[in-house]
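These notes concern the structure reproduced below.
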Amino acid sequence: MAELTRERWGKRSYFIFAALGSAIGLGNLWRFPYLSYANGGGAFLVAWMVGLLAIGIPWLILEYGMGKYFNSSAPGVFEGIGKKWEWIGWWPVWVAFLITTYYTVVMAWTLRYMVAAGTVEWGMGAAGTEGAGDFFFGTVLGLSGGPGEIGAPLPALLIGLVVVWVIIFLVVYKGTAVIGPVSKVVMIVAWTFLGILVVRGVTLVGAAQGLNFYLETDWSKLASGDVWFAAFSQIAFTLSLGMAGMFAYGSFIKSRGDVNNNALITGFGNCATSFLAGFAVFSIVGFLMQSLSIGIEEVASKSVGLAFITWPVAISMLPAGNAFFGIIFFLCLFLLGLSSAYFLAYGGVISPLMDKFGWSRTKTALGVCVIGFLIGILFTTNGGLYWGADILDRAVAFYGLLITGALTCLVVGWGFPASRLREYVNGTSDFRIGPWFDVMVKFVVPAALLFVVVYGGFMQDIPNSYSGYPRWASNAIWGVLIVTLVFSFIMGKMKTKGRGD
Ligand code: PFF
């Protein structure tokens, strides 16, 4: 019965665009290019491609295939393997939900900057170079001295956050029927904007110098664990794995639909976008090095610094069309974030709740959006950057994602097991995958994820207080993980009432 009533993607292309939209996010633009530069350019690309093939593609096939097999989002998949495993399906739901609470605040920053870009509010020319940092930390964030000083919400960010959640609600409350076509438009517009930014970037003076830094290869780096750590963690992060949503997106594939080829298309499409984004980022890095006569270390940065300081400085320095390129840049960032945010909300949280409790889509969507917004208010405060995009991000988008991912692969690989999944996906896919898949899921992916957690996480975060914060603030990371684990056990014990509409 449930099989007949479950919602489906109207067309294969809707699934592909929605899956690409979920994977392609802020990380492609603000995380990948910097990692490549900092980890040996071409050498990093090799490690990252190994990560895509050895970890990303098998794990994607696993999440799509298991969702499709059980016609269910993550918790129902694990309940299907055995009731005692259901909690493993809830943990990534918590991860996805907590990510949306601060990811949406970052999107609110981009809205604030879209308005600011209209007049290049942080200043033109040299004034912009001087003022971009103060504008971001002072005017936009009103940043306090540390995580101990929370302060009050900033009205402009609060308004932006309302707008973001209203848009998310409008996209998700009708499910795949709207998510599919919207994703297609969002992705095509976002790629067009990215294309405009690349063309603008590479035609600026100094661009070639920046691109040299991006792609210059230092093979010796492949001998260092750091490169593999960076490449593997980026692959898990960029494909939006380990946050429940891909199970749900896979469960909406029609029963005769392909899994293997779709995983390949989304994996490679996502990575190609990252590679392209690197040209937009490093061409402006080169332009700034040349126009400000400064070294690469002073310009190249990642995440928040790249998007909200380096880019605004570049926008101030452009010879013409400053407001235009400013708006395009922040709109592009907003759209990249949007398709990831509604994926996390719908596939990661709303769909699992509907599947478990039989609630209606509209009510569940409303509840999740309102609660997500209310928690997000905390991250619009003066101390919001520390708690949201930093501490909580480390807890869920690093530890949560990797640990739940490793557990997922072990339980599916050994318990389901992998060979059964392989035969199932091969039955309806464009091409077949061989027994290598079983080895990846049972050994390679969990081992690689645990390596990342231990090498890049535990070995550094536990002895040194994370980010140099006071110990009580960095310990919040472990608090979040323990609380979400306990909640997952509780959810796993509750009776499943059946699917909502
Ligand atoms: N894969 C997207 C990105 O790279 O930005 C979306 C995403 C991944 C969002 C991981 C949040 C996250 F923690």
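Source: prediction; values computed, not measured. As the structure lists them, so they are numbered: ligands from 1, and atoms in each ligand from 1.
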Go through the structure and list residues passing ring-ring contact (aromatic ring centres under 6.0 Å, His included) with F287, not counting sequence neighbours.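 Scan of F287 (ring-ring contact (aromatic ring centres under 6.0 Å, His included), adjacent residues dropped) gives none.
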With a 4.5 Å limit on heavy-atom distance, are the side chains of V396 and T484 in contact?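 Result no, sub-4.5 Å side-chain heavy-atom pair not found.
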Other residues, nucleotides, ligands: >12 heavy atoms within 6.0 Å of Y173 OH: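 12 or below, so no.
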Protein N/O near ligand 1 N/O, under 3.5 Å, which pairs?
residue: ligand 1; atom: 1 (N); partner: A23; partner atom: O; Å: 2.7
residue: ligand 1; atom: 1 (N); partner: F237; partner atom: O; Å: 3.2
residue: ligand 1; atom: 1 (N); partner: T238; partner atom: O; Å: 3.0
residue: ligand 1; atom: 1 (N); partner: S240; partner atom: OG; Å: 2.9
residue: ligand 1; atom: 5 (O); partner: L26; partner atom: N; Å: 3.1
residue: ligand 1; atom: 5 (O); partner: G27; partner atom: N; Å: 2.9
residue: ligand 1; atom: 5 (O); partner: Y103; partner atom: OH; Å: 3.0

What closest approach, in Å, do W122 and V313 show between heavy atoms, and which atom pair accounts for it?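 Looks like NE1-N, 4.4 Å.
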Would you give me the side-chain donor-acceptor pairs under 3.5 Å for residues 184-192, sequence neighbours excluded?
residue: K184; atom: NZ; partner: S13; partner atom: OG; Å: 3.3
residue: W191; atom: NE1; partner: T273; partner atom: OG1; Å: 3.2
residue: T192; atom: OG1; partner: I188; partner atom: O; Å: 2.6

With sequence neighbours excluded, residues passing side-chain contact (heavy atoms from CB on, under 4.5 Å) with A473: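 For A473, the residues satisfying side-chain contact (heavy atoms from CB on, under 4.5 Å) (neighbours in sequence not counted) are P147, W387, I391, Y469, P470.
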